[in-house]
Engineer: 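I'd like to ask some things about the structure below.
Here is the naming used below: chain letters follow the sequence lines, and residue numbers restart at 1 for every chain. Since the structure is predicted, the reported quantities are computational estimates derived from the model, not experimental observations.
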Amino acid sequence: MTVLTASVVLLNTTRAYDKKYTYIIPDGLAGRICTGCRVLVPFGGGSTVKEGFVLEIKPVDAGSLRNDAKNIEYKPIKQVLEPYSLIKGDNIELLEWMKREYICTYSDVIKCMLPPGINVKTVKTVKLTDKEFKAFKKQDLNRIVENLNCVGGECEYDELRGMCEIKGFKGCIQKLFECGAVTVEECYQQKVNAKSVKGVSLARTREEIIEALENNAVKRIQHIRVLEILLDNELVSVADIQRFAGVTSSVLDTLSKYGYICYKTIELQRNPIKDREYEKTEHLTPTAEQAAALEKLMGQLDTGTFKESLIHGITGSGKTEVYLQLISHCFDMGKRAILLVPEISLTPQMVERFVSRFGKRVAVMHSRLSLGERFDQWRLINEGKVDVVVGARSAVFAPVTHLGLVIIDEEHEGSYKSEAMPRYNAKEVARKRCFINNALLVYGSATPSVDTYYRAKNGDIDLVEMKNRPNTSELPKVIMVDMRLELENGNKTPFSYLLQEELKNNAANGQQSILFLNRRGFSTFVICRNCGYTMKCPECNIALTFHAKSDRLICHYCGFTVKNPAQCPSCGSKHIRHFGVGTQKIEEEIRNRLPESSVIRMDIDTVGYKNAHEEILSRFKNENINIMVGTQMIAKGHDFLNVTLVGVLAADSMLNTGDFRANERTFQLLTQVAGRAGRGEKAGRVIVQTYNTDEYSILAACRQDFTGFYNQEILIRERLGYPPFNNIAVITFSGRKDRRVFETAKDIGPELSEDALPDFTVLGPSRCPIPKLAGKYRWRIVIKAGDREKLIERLTLVSDKVWKKIKDEDMSMSMDINPYNML
DNA sequence: AGCACGCCGACT
DNA sequence: GTCGGCGTGCTC
């Protein structure tokens with residue numbers, strides 16, 4: 001005799017019991033169960049019902065169940081929620097990999113893989129079985145019964161508990177249950193379900209119905225009309241048939257009772273790709289450069305093995321068309337594709353482009369969809385009804401089978417890194433998925449990340465260059481302005497004389513301008529306005545952050561600290577101070593200085609509500625407003641044909657955010673912002689204002705010289721041991737007692753560095769850039785390590801050891817491996 | 001996370 | 001003697 005058993009992982013676990021558990025599959029459920037399906041299982045002493053997922057099914061000899069060395073009594077699975085896989089083949093392998101790689105639970109990973117709102121909620125109902133109860137000795141029990149009687153003898157468990165206000169409520173219910181006074185029923189509800197309507201169809205064959213009609217077995221005209229409609233249409237919704245046949249629901253009930261028709265559920269498709277019908281478009285004829293790129297990439301796709309490619313194509317070189325035709329080629333091979341884009345570029349125009357090319361073969365996944373819409377899109381993918389998924393970060397988990405291609409557009413974007421548990425990087429996950437599936441992974445960017453480009457230079461990734469714009473519009477002319485000279489000449493405004501002049505000219509000529517100011521963070525750095533000197537950490541070469549409270553400068557990597565200087569250590573000037581102006585201030589300044597120009601502002605404050613973003617952009621475009629002031633969100637997407645001037649107010653303000661990627665980000669952003677100018681026929685100009693005229697990232701951005709920037713940056717990364725030469729891990733501790741948090745962090749230090757390898761450096765603990773958040777103090781440790789595997793091993797070990805202590809003292813700890821944002 | 005089990009003090 | 005407090009450890 002063999003018994004079927006299932007290896008099950010549970011949802012909503014802590015690390016302590018995040019394991020595989022073996023359950024017996026009862027005979028009645030064997031037909032519905034499969035790997036990756038969702039089940040309800042009894043768990044723990046009280047056999048509370050938990051939601052779980054079947055990872056493996058295996059037959060076991062019945063005898064060996066009991067002879068098991070551990071002598072575990074296996075419990076049976078209680079219920080199979082859906083008779084199909086919610087986690088498809090390769091995602092099961094991915095699950096194991098992610099749990100290890102990101103030091104999280106199965107549960108954390110599963111939640112990434114499923115659409116939100118699918119999880120079951122347990123609803124317990126307490127019912128009074130006998131209203132003729134005798135009084136109980138214990139007053140609490142009587143109280144519960146009284147309360148139940150008041151509401152008609154039946155009540156939801158939680159509601160009842162609220163009504164009674166009894167300590168040990170659970171025990172009381174148990175006692176009442178034991179003496180037969182109440183029953184407790186459990187049912188499980190899901191937040192979202194497929195949207196469905198009730199429909200009817202014939203319950204007999206067409207021939208039988210036709211015969212019945214001809215023999216006058218059906219006499220009533222209402223019945224005949226209904227049956228005739230159903231002979232022409234297999235399945236019709238109840239609402240429709242009532243309308244077309246002009247009958248009421250009682251007619252349908254009668255027909256159903258006599259066995260002519262039966263009720264069925266029709267599952268509807270909510271469509272996020274609005275009801276608009278898009279006109280079908282064909283492939284554009286590729287330029288010579290696009291054709292060359294395509295040929296190379298298609299060749300790689302054809303090999304059917306795991307390969308990585310980077311398309312380094314300047315803005316406007318037509319990468320999207322390459323993506324579209326590559327995906328098309330992937331379809332021809334009978335395989336499917338995923339396209340990842342940054343959330344911000346998932347605009348209606350972007351979606352339209354895909355839908356008009358591929359029609360119903362496209363599914364879209366992003367956070368703007370409602371729960372129901374997301375569920376429907378996910379289900380379409382899971383059922384294999386679409387062939388390409390376009391989506392933001394989480395779309396990397398889309399349950400696509402026969403995956404042949406994953407494309408990551410704007411590969412350098414930080415939004416591919418998750419900042420919440422599990423802190424995964426969609427680029428790494430995509431790479432793993434492609435590896436499992438022998439698929440092609442394509443990265444695309446005008447300004448590739450240093451990490452990716454390094455791997456391309458090393459030959460790990462194939463490099464495809466696209467250097468021309470098909471519409472041959474010229475690259476904008478970039479002028480750098482030294483703000484130190486402006487100060488010397490008595491200009492204390494945030495606008496250089498040149499910029500003021502150009503803004504006036506542009507407005508007079510009816511052309512538009514964009515002023516760009518990066519978001520000023522909570523942390524401020526100190527710069528000398530006379531010589532441009534910035535205070536940096538001698539160890540880490542990172543800008544020191546000013547803390548007003550203590551009037552000190554602190555390094556957020558290693559904790560190095562000095563007193564805030566009154567004079568510039570380099571030139572002795574007293575014009576040294578923390579730096580920064582907000583967009584609001586800039587808007588005011590423009591109104592004062594250029595009163596004849598119209599201004600619109602776009603930043604976090606003004607794009608508060610849902611469509612404000614689109615609205616501001618379209619107002620700027622359509623009302624021909626002279627100047628738009630904004631933060632990085634204006635740097636992306638959207639072609640403004642009439643914008644001929646872009647002003648970057650403080651190119652170096654982002655250079656000193658206290659992050660080793662600051663130079664990379666400055667370069668990327670400046671390049672992108674500059675790309676906003678002169679997208680139309682008229683030539684564009686870019687004015688870059690800076691205090692650091694010799695900073696390589698700014699200089700290279702002005703020259704639009706990616707290679708020049710990269711060659712400098714990679715040297716610095718290597719010298720200081722930053723990625724891609726090392727892995728960085730940040731462990732953050734937080735809690736209400738400042739001292740305890742610090743001590744906990746400090747105690748972990750030795751554990752981390754114990755018999756450390758030569759390439760293992762532990763820095764800190766130091767205060768986090770946000771030292772106190774929501775009443776909790778925050779400290780962190782930064783680790784540099786060459787070997788990622790060993791780093792993960794060590795972190796896992798330490799976290800398992802420290803977890804209990806952390807929990808007992810009401811502190812929390814989080815780990816992030818290679819964070820994108822060090823702040 | 002729950003829940004049981006177990007060990008201790010304070011009460012009918 | 002029993003009830004209920006919480007510390008400890010396991011959950012297929």
Side-chain angles (χ1 to χ4, degrees), chain A residues 2-27 29-30 33 35-81 92 95-96 99 103-111 119-124 136-141 157-158 161 164-178 184 186 188 421-422 799-814:
Chain A
T2 57
V3 196
L4 273 185
T5 64
S7 185
V8 175
V9 292
L10 306 169
L11 218 54
N12 302 322
T13 57
T14 60
R15 285 186 64 78
Y17 62 108
D18 184 57
K19 296 179 202 155
K20 288 183 194 161
Y21 293 94
T22 308
Y23 282 88
I24 290 168
I25 302 172
D27 291 342
L29 298 180
I33 216 156
T35 56
C37 83
R38 189 159 63 134
V39 292
L40 294 179
V41 290
F43 187 73
S47 280
T48 35
V49 176
K50 285 219 133 214
E51 205 177 328
F53 287 82
V54 175
L55 295 194
E56 205 186 337
I57 294 172
K58 55 182 169 203
V60 168
D61 189 61
S64 76
L65 272 183
R66 304 266 38 205
N67 301 340
D68 198 304
K70 288 165 269 173
N71 203 25
I72 298 169
E73 187 127 2
Y74 298 117
K75 291 178 183 172
I77 288 176
K78 194 179 162 115
Q79 195 180 325
V80 178
L81 286 166
I92 290 185
L95 183 63
E96 299 280 357
K99 173 181 158 74
I103 318 175
C104 62
T105 63
Y106 286 120
S107 179
D108 290 329
V109 185
I110 288 171
K111 285 189 176 161
N119 295 338
V120 284
K121 198 177 91 184
T122 319
V123 182
K124 272 203 239 177
F136 293 98
K137 264 192 228 155
K138 209 176 153 184
Q139 215 38 53
D140 283 351
L141 300 186
Y157 183 91
D158 288 330
R161 184 167 55 192
C164 298
E165 292 173 348
I166 293 171
K167 259 195 184 178
F169 179 75
K170 188 162 179 153
C172 293
I173 291 291
Q174 182 65 31
K175 280 208 184 94
L176 286 171
F177 176 72
E178 276 162 15
V184 180
E186 285 181 334
Y188 309 97
M421 203 54 159
S799 80
D800 283 345
K801 259 191 199 170
V802 190
W803 214 263
K804 202 174 143 44
K805 183 170 154 191
I806 298 268
K807 217 176 66 183
D808 287 351
E809 290 195 49
D810 193 31
M811 284 189 278
S812 60
M813 174 178 75
S814 75

Engineer: For DNA chain C, find the residues of residues 18-27 of chain A with a heavy-atom distance under 4.0 Å and give them by number; none if there aren't any.
Structural biologist: A:K19, A:Y21, A:T22, A:Y23
Engineer: Rounded to whole Å, please give me the gap between CG in A:L4 and P in C:dC12.
Structural biologist: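 One finds 20 Å between P of C:dC12 and CG of A:L4, rounded.
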Engineer: Checking A:K20 now: which residues fulfil salt bridge (Lys or Arg N to Asp or Glu O under 4.0 Å) with it, not counting sequence neighbours?
Structural biologist: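 Only A:E96 meet the salt bridge (Lys or Arg N to Asp or Glu O under 4.0 Å) criterion with A:K20.
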Engineer: Over how many whole Å does the gap from A:L11 atom CG to B:dA1 atom C1' extend?
Structural biologist: 13 Å
Engineer: Expressed as a whole number of angstroms, how long is the span from A:K78:NZ to C:dC12:P?
Structural biologist: 14 Å
Engineer: Could you state the atom-to-atom distance from CZ of A:F43 to P of B:dC3 in whole Å?
Structural biologist: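 Distance, rounded to whole Å: 12 Å.
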Engineer: Rounded to whole angstroms, how far apart are CH2 on A:W803 and C1' on C:dT8?
Structural biologist: 20 Å
Engineer: Roughly, in whole Å, what's the span from CG in A:D810 to P in B:dA1?
Structural biologist: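 To the nearest whole Å, that distance equals 11 Å.
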Engineer: Determine whether A:S799 and A:M813 satisfy the following criterion, side-chain contact (heavy atoms from CB on, under 4.5 Å), listing intermediate values before the conclusion.
Structural biologist: CA-CA 8 Å; A:S799 80; A:M813 174 178 75; 3.8 Å; yes
Engineer: I need the full list of salt bridge (charged side-chain N to carboxylate O under 4.0 Å, His left out) pairs touching residues 42-51 of chain A, with sequence neighbours left out, sorted by first then second residue.
Structural biologist: A:R38-A:E51
Engineer: On a heavy-atom basis, which atom in A:N12 and which in A:S107 lie closest, and how many Å separate them?
Structural biologist: N-OG, 2.7 Å
Engineer: Name the orientation class of the two ring planes belonging to A:Y21 and A:F43 (parallel below 30°, tilted from 30 to 60°, perpendicular beyond 60°).
Structural biologist: perpendicular
Engineer: Just how far, in rounded Å, is C1' of B:dG2 from OH of A:Y17?
Structural biologist: 7 Å
